[in-house]
2 protein chains.
Amino acid sequence: MKSNLDNITPLENLSLVDKVEMRLKEYFKVNNLKIGDSIPKELEFAEALGVSRTVIREALLRLRTIGVIESKKRKGMVLTQPDIVQNFEKAIEYNLLGEEALIDIFELRLILEMGMADLLFARKTEEDIEDLDKIVSKQEKEENDTTFFSLKHEIAFHGKLYELSNNTTLKRFQDLLLPVFNYVHDNMPEGAKDFKYSKGEFVTHRDLLNILKNGDAQSFREAMRNHLEPHFDRILHIVKS
Amino acid sequence: MKSNLDNITPLENLSLVDKVEMRLKEYFKVNNLKIGDSIPKELEFAEALGVSRTVIREALLRLRTIGVIESKKRKGMVLTQPDIVQNFEKAIEYNLLGEEALIDIFELRLILEMGMADLLFARKTEEDIEDLDKIVSKQEKEENDTTFFSLKHEIAFHGKLYELSNNTTLKRFQDLLLPVFNYVHDNMPEGAKDFKYSKGEFVTHRDLLNILKNGDAQSFREAMRNHLEPHFDRILHIVKS
DNA sequence: TTTTGTATTATGTTATACATATAAAGATAT
DNA sequence: ATATCTTTATATGTATAACATAATACAAAA
């Protein structure tokens, strides 16, 4: 007789709260509840499901934590549109992300900047261009004065690009990715600023802006690729565990 | 006497749990706790902060929900690496995302696919190419047989691309974005399949694969842009509210 | 009509007791 | 001495009951 433990499944080890949460999710689905709809009060759920109010509260608290419901005293609880970025944000606040996750996120940001060219060209407005112009001009002036490279301008320019995309989720995403970006930037090895660009010259924010004015998405992409080359160069040579 | 309510600020309206959560976060920071470290038990926190165990539990539950801590009976609680994608995932499961958020996410996916070319070329292996080849061959065969366009192949191919990136976060991200992608795809207006490509011809998966074999990142980007043109075309003409 | 007080109600908080899983120590067998 | 089986202590999980608090509705007063 051959023993095979692959065919035997462990009996589910779910807590009551886990089960209640599943039931709640099912309840929302079956009743086709939408944003703004209110749900029964805790005691009613407790009675209906035959568990204590404590368990119901814990399950509901989970939902509140991920932003699916909101509760108000006396009024009860209503379904809300979850803020998908917010949870991300909270998790990051605790500074518990490992090296690998940080690298992943850093890469993610490079990917986003490379990929959003089409959106920029489709959504840009005259005002946006003017704003960008101001940002670039200010940078040029200050850098002339101080010969000091400031992350501030970096953030202002690239942040504005995300704004141009007119994609709220994307923009908020980058807001949240900024600290990570800074972290990796700060831990940059010495001499990284003397980076040798393969094409010989560096694409500046001014260059990018000009392309945004008169060029097309494709040339913007390649210019951005050059602009980000030092970062790409560093990242692409990291061997992940 | 002129009454002016601008100079009076509302006193903060935080719940006890809110405050406790802040204290906990501070506690982690001050003690410089890292992943794997264990934290005091509920009763100790309760006593130290002078609140009931319930409140502590609710605050800790929030942390557990976003994946910052894990708890085991008798053992206590330990800090864990938060799974940043998981929270995203949970929020989406409740089908409460509004039209605008869905569009944002759909755009995000297009951006990712456009932006990851460099990563693909830096990380691709012989095996990856072989796998992709199998996927494409299978698709070609089945489509010849049935003349039936299947999302299955679409998912297999593009999913594999994400895998190539060797970026776990990115890959998991697209896993989670798939349902949204399908949703938008399913709600595609009739006739979208007869889309007229601006350059006259359609870049197939086979074409992309060949570029991945012998070409470079830049040409891959432009090929991908063509491949995704119907999606871009649709998205870029949506006027957001 | 507007303001102010009052009752009501659902969530927020406290307290206490018990259930349950499990790590750790101790006992037993090999 | 090692392995396996019991026991025990313990921190989280669940239940119950009571009270606090804030927001709402509604009545009373100005």
Side-chain angles (χ1 to χ4, degrees), chain A residues 3 5 9-24 27-28 31 33 35-80 82, chain B residues 1 3 5 8-24 27-28 31 33 35-80 82:
Chain A
S3 71
L5 284 175
T9 54
L11 37 95
E12 44 182 320
N13 195 12
L14 296 173
S15 73
L16 252 183
V17 179
D18 288 328
K19 292 177 192 166
V20 168
E21 191 192 351
M22 291 167 66
R23 289 297 193 88
L24 288 179
Y27 174 85
F28 296 152
N31 292 74
L33 296 186
I35 297 171
D37 291 345
S38 60
I39 60 177
K41 53 195 186 190
E42 296 174 344
L43 276 174
E44 288 172 345
F45 272 128
E47 200 173 355
L49 293 177
V51 295
S52 73
R53 190 180 154 216
T54 311
V55 171
I56 298 292
R57 267 186 77 77
E58 292 215 352
L60 288 171
L61 181 55
R62 287 189 188 173
L63 302 196
R64 224 172 333 161
T65 303
I66 61 175
V68 167
I69 60 176
E70 270 180 5
S71 61
K72 279 191 176 170
K73 283 182 179 170
R74 150 110 208 194
K75 199 176 181 185
M77 309 177 115
V78 296
L79 294 194
T80 58
Chain B
M1 177 167 144
S3 72
L5 283 175
I8 187 169
T9 54
L11 36 93
E12 43 181 320
N13 196 12
L14 295 174
S15 74
L16 252 184
V17 179
D18 288 329
K19 291 176 191 164
V20 168
E21 191 192 351
M22 290 166 66
R23 289 297 194 90
L24 289 179
Y27 174 85
F28 295 151
N31 291 74
L33 296 186
I35 297 172
D37 291 345
S38 59
I39 60 177
K41 52 194 188 189
E42 297 174 344
L43 276 173
E44 289 173 344
F45 272 128
E47 200 172 353
L49 293 178
V51 296
S52 74
R53 193 182 150 213
T54 309
V55 172
I56 298 291
R57 268 187 76 78
E58 293 213 351
L60 288 171
L61 180 56
R62 287 189 188 173
L63 301 196
R64 223 170 334 162
T65 303
I66 63 174
V68 167
I69 62 176
E70 270 181 4
S71 61
K72 275 190 179 172
K73 283 183 178 170
R74 151 107 207 199
K75 197 177 182 183
M77 309 177 115
V78 295
L79 293 195
T80 58

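Just so it is clear: chains get the letters A, B, ... in the order the sequence lines come, proteins before strands, and each one is counted from 1. In this text, all values refer to a predicted model and were calculated from it rather than measured experimentally. Both backbone and side-chain heavy atoms feed into the values below; hydrogens, waters and symmetry mates do not.
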[X] side chain: which of [options] is closest?
| X | options | value |
| --- | --- | --- |
| B:Val55 | C:dT13, D:dT16, D:dG13 | C:dT13 |
| B:Val51 | D:dA22, D:dT12, C:dT14 | C:dT14 |
| B:Thr54 | C:dG12, C:dT14, D:dT14 | C:dT14 |
| B:Lys75 | D:dA18, D:dG13, C:dA23 | C:dA23 |

**Study point:** Heavy-atom donor-acceptor pair, B:Arg74 side-chain to D:dA11 base, under 3.5 Å
**Key:**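 No.
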Separation of atom [atom1] in [X] from atom [atom2] in [N], rounded to whole Å:
| X | N | atom1 | atom2 | value |
| --- | --- | --- | --- | --- |
| A:Arg53 | C:dT14 | CZ | P | 13 Å |
| A:Leu16 | C:dA21 | CG | C1' | 14 Å |
| B:Met77 | D:dA11 | CE | P | 13 Å |
| A:Arg57 | D:dA15 | CZ | P | 15 Å |
| B:Lys73 | C:dA24 | NZ | C1' | 18 Å |
| A:Ile39 | C:dT11 | CD1 | P | 8 Å |
| A:Leu49 | D:dT14 | CG | P | 14 Å |
| B:Glu44 | D:dA11 | CD | C1' | 10 Å |

**Study point:** Note, B:Phe45 side chain near B:Val51 side chain (heavy atom, < 4.5 Å)
**Key:**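 Side chain of B:Phe45 against side chain of B:Val51, heavy atoms only: no contact under 4.5 Å found.
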Point to revise | Heavy-atom check, side chain of B:Arg57 versus side chain of B:Leu60, under 4.5 Å | key: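 A side-chain contact is absent here, since even the closest heavy-atom pair is not under 4.5 Å.
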Point to revise | Inter-residue atom distance B:Leu79.CG - B:Ile35.CD1, 0.5 Å rounding | key: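 If we round to the nearest 0.5 Å, B:Leu79:CG and B:Ile35:CD1 are 8.0 Å apart.
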Point to revise | Spacing of CD1 belonging to A:Ile39 relative to CG belonging to A:Leu63, to within rounding of 0.5 Å | key: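 Output value for this atom pair is 7.5 Å.
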Exercise for review: Answer yes or no: are there more than 12 heavy-atom neighbours, outside B:Arg23 itself, under 6.0 Å from its atom CZ?
Suggested key: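 Not more than 12 within 6.0 Å, no.
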Review point. How would you label the contact of A:Glu42 with the nucleic acid (heavy atoms, under 4.0 Å): base, sugar-phosphate, or nothing?
Key: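 If one applies the 4.0 Å heavy-atom cut-off, A:Glu42 turns out to touch the sugar-phosphate alone, with no base involved.
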Exercise for review: By nearest nucleotide on DNA chain D, pick out whichever of A:Lys72 and A:Val17 is the more 5' one.
Suggested key: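 Final value for this comparison: A:Val17.
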